[in-house]
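On a predicted model such as this, the values are computed, not experimentally measured, just so you know. Letters go in sequence order (proteins before strands), and every chain restarts at 1.
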Amino acid sequence: MSQHSVLILEDRQEICRRLQSAIAATEGLELAGVAGTLDQGVPMIFARQPRVVLVDIGLPDGSGIEAITALQRAHWPVDALVISIFGDETRVVEAIRAGAKGYILKGGNLAEVGTAITSLIEGGSPISPAIARHVLNIAKTGLPGPGAPAELLTERETEILRAVSRGYKRREIAEQLGISAGTVGNHITSIYRKLEVRSNMEAVAQASQAGMI
Amino acid sequence: MPGGWTSWVFVTLWVGLLSALMLWLTPGALHPVPGTLMIREMELCQSADCRDATPIHLPYYTPYHYDDAPEIHHLRTTIHLSAVPDRLQSVYLPKLSDDVEIRLNGALVSQPLPYRRLWNQPLLAQISPELMHRGDNDLQITLIGGIPGRLDLHEVYFGPVDVLRPLYRVRIMMGPGFSLFGLGMMILLTLGFGMIWIRRPGDRKQLWLALCCASACIFLAQFGTNLPVGPYRIWKVLQITSLSAYALFMLKFLRCLLEVPRLWLEWLHAWLLGLGVVVMLLLPLRWIDIAATPLMFQIILTCLVSVVLLHRHRDRLAKADYRVFFLALSLSLTFSLDGLFRWLLPSPPGSIHLLHLIPLLTTVVGLWLIVSQLIRSLSAYEALTADLQDRIAEKSRKLEESFALQARAERQGAVQAERNRIMLDLHDGLGGQIVSTMAYLENNDIRDSTLRDALEDMLRDLALMLDCIENDESLTTLLGMQRTRLEGLLDRHGLRFDWQIGEEPDFGDHDPSRNLQIARIVQEAITNVVKHAGASVITIYTDQRQIRICDDGRGFDPGDLPAPESPHYGIQGMRRRAERIGARLSIRSSEQGTAVSVVFRPAPPASAAPA
């Protein structure tokens with residue numbers, strides 16, 4: 001299994017240590033470096049060219065979003081993930097608009113942190129009830145300007161999103177609809193594609209642009 | 001020429017009816033007057049001394065003559081008086097032409113005046129009783145025609161002057177009186193419509209009306225003043241031309257008013273008028289009246305077409321306008337027909353001209369037009385004002401709403417900004433500290449479960465508050481987020497959710513505080529199950545009216561005294577929270593498990609407000 005290098009941009013030392021432990025405990029991940037400020041972090045990113053950058057938004061010398069924006073100039077494949085406490089704050093959405101692929105929770109256990117990183121690298125993304133509701137709102141009202149959805153959601157896709165927004169898990173939705181959990185995931189992927197976004201989380205970013213979030 | 005045979009038939013019948021009515025009424029018909037002698041029979045003398053006389057019946061008309069020498073006809077009659085009157089007497093001639101000399105018993109009582117033509121004016125000659133004697137009195141009336149044409153004399157009255165003078169004045173009013181009044185009105189309307197047209201050149205209606213009134217001024221001056229204007233030829237040309245032009249301009253006015261395309265009849269009328277005038281000016285004098293006859297017929301035709309046009313396009317006018325116009329125009333046509341008959345018939349009925357009344361009808365039409373436009377303008381002004389006021393009121397209301405919305409948005413913006421600041425502090429400050437502390441415990445392998453549980457509870461509580469703020473529109477989404485937060489806890493205690501979230505509960509207005517109360521009840525109920533129930537499944541159920549949290553644990557006795565560590569202690573708090581949001585907390589517990597329900601009361605009707 002190939003190793004994915006991970007660089008951490010976080011100012012709280014205890015959290016840094018914990019994330020390092022999580023990376024060390026996860027197969028396929030290796031630590032590329034640790035920085036506590038933007039001034040240290042951005043040059044380190046371009047020097048070490050990691051596959052994944054874990055970015056805390058609230059850094060002492062500025063917003064982590066600046067680092068995510070800087071990644072647009074990267075000439076190697078790199079994904080930015082926001083280190084979030086709750087996974088739903090407004091600044092996470094702003095980060096996604098800037099190009100972040102998703103988020104990981106600071107407070108989760110070690111196994112959860114490692115799994116979340118590898119899952120995001122492979123293209124998967126969690127969808128919380130709150131995000132599902134925002135997508136439903138977007139489909140109902142439409143997005144203004146460029147990037148508006150070319151077609152409306154199908155009845156099945158709306159059904160799935162409504163179930164997610166009510167707290168149902170993919171497995172439960174699959175049982176209710178008599179389909180597999182993978183099909184539910186495919187539907188969610190299809191929903192994001194209809195929203196004409198590059199990744200799952202950018203759909204949420206567009207919703208934010210339209211003032212939906 | 002306007003089509004529509006029904007209009008032609010209707011107008012023809014209507015004008016025929018009016019003409020018949022006019023014939024039956026015979027305006028100006030002469031009747032005996034009590035206290036006076038009405039003379040119907042006279043003798044036409046062959047010479048001035050009246051040795052040879054022929055009996056005639058009044059009214060008497062002479063044939064048309066075109067000689068240069070004045071036309072003179074002597075008429076006489078005998079008035080027998082049983083006694084000489086003691087008061088002033090008079091001879092009253094209601095209708096004659098052109099001038100007259102009157103002698104009683106050889107004494108001159110009225111003599112002709114130069115440049116006077118009485119063709120449209122009565123004559124009242126006062127006679128002193130001294131000129132009369134008992135028995136037969138000789139009355140001689142000499143008709144004098146100074147210009148071509150024909151002479152006439154209608155019934156003659158002899159009697160007291162104070163009896164006949166009122167009749168004379170009425171006739172004066174009907175003849176030159178109305179003519180002069182009409183002339184004055186026409187001059188004013190010519191100026192009025194002309195000025196309007198100068199100010200608004202695009203409105204051709206005003207031009208045609210002004211020209212119409214100006215044309216009427218010419219023949220009204222002839223009808224009203226009794227003064228000959230130049231030679232007979234010029235007088236006749238002016239009369240025919242003005243009447244013809246009047247009819248043509250009236251047609252043009254109507255065409256503009258009704259927005260009808262130009263009619264070929266207008267060209268025909270204009271060409272015929274021009275040709276007729278030239279012919280009348282060039283032909284020998286004796287043919288002049290014959291040359292004028294086609295023009296008279298043309299005037300009648302143009303008037304008829306005007307009335308038909310008006311009737312055919314009556315839907316383009318307001319009903320009141322149409323009625324006034326139609327009545328005036330059809331009466332004008334009837335009066336024109338009367339003029340034609342008076343022209344053509346050797347002994348026409350009636351003793352009064354009606355043509356000079358046509359401009360009075362035009363005056364009515366013109367004044368009506370002005371008044372109706374004024375009324376319409378006032379109505380439009382009032383409607384516009386009302387509409388403007390409505391718009392101002394509407395705009396003011398929208399402006400107030402806009403200001404209110406702006407103020408609310410500003411307030412909401414300020415609240416949101418403050419909320420964001422607090423949330424940011426909670427995230428980065430409090431949340432960051434808790435997570436950092438939890439990481440410290442983990443990094444240093446400090447296995448203090450009490451401390452760790454407390455920190456996890458704090459983190460969950462913080463997440464709960466943030467979720468309530470960010471998901472205030474949907475309670476089911478809030479419950480979904482709660483599930484996401486609590487699943488790790490349930491996993492650690494060997495529990496799982498049986499998620500049965502259905503309809504969105506309807507409990508009135510959503511707001512973060514209300515949501516937080518509900519979320520805390522749900523969280524307290526779930527925590528109680530985790531801590532005390534020994535259950536394996538927690539079922540969360542919702543419908544429109546309730547949220548229910550059930551477990552398959554051991555249950556408890558709701559009647560037991562509450563202790564701080566027992567679930568009863570938390571139940572008191574849950575009950576208080578439910579009451580605070582107007583809901584009811586229901587708890588059922590048995591050995592098969594416990595069900596905690598938050599039941600929302602239906603909103604009370606507006607009339608049932610609490611006292």
Colleague: Are the charged groups of B/Arg397 and B/Glu401 less than 4.0 angstrom apart, N to O?
Modeller: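 Salt bridge present between B/Arg397 and B/Glu401.
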
Colleague: Which atoms of A/Arg12 come close to chain B, meaning under 4.5 Å heavy atom to heavy atom: side chain ones, backbone ones, both, or neither?
Modeller: side chain

Colleague: Given a strict heavy-atom distance threshold of 4.5 Å, which part of B/Glu487 is in contact with chain A: side chain, backbone, both, or neither?
Modeller: side chain

Colleague: Is it true that B/Thr476 and B/Glu504 share a donor-acceptor pair across their side chains at a distance under 3.5 Å?
Modeller: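 Their side chains do contain a donor-acceptor pair, which is all the 3.5 Å distance test asks for.
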
Colleague: Only distances under 3.5 Å count here; give the side-chain donor-acceptor pairs of residues 404-414 of chain B to other protein atoms, sequence neighbours excluded, each with its distance to 0.1 Å.
Modeller:
none

Colleague: Side chain, backbone, both or neither: which part of B/Leu479 has an atom under 4.5 Å from a heavy atom of chain A?
Modeller: neither

Colleague: Can you pull the side chain to side chain donor-acceptor pair (under 3.5 Å) pairs that have at least one residue in residues 171-182 of chain A, sequence neighbours excluded?
Modeller: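 Counting only pairs at least two positions apart or across chains, the side chain to side chain donor-acceptor pair (under 3.5 Å) contacts touching residues 171-182 of chain A are A/Glu172-B/Arg483, A/Ser180-A/Thr183.
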
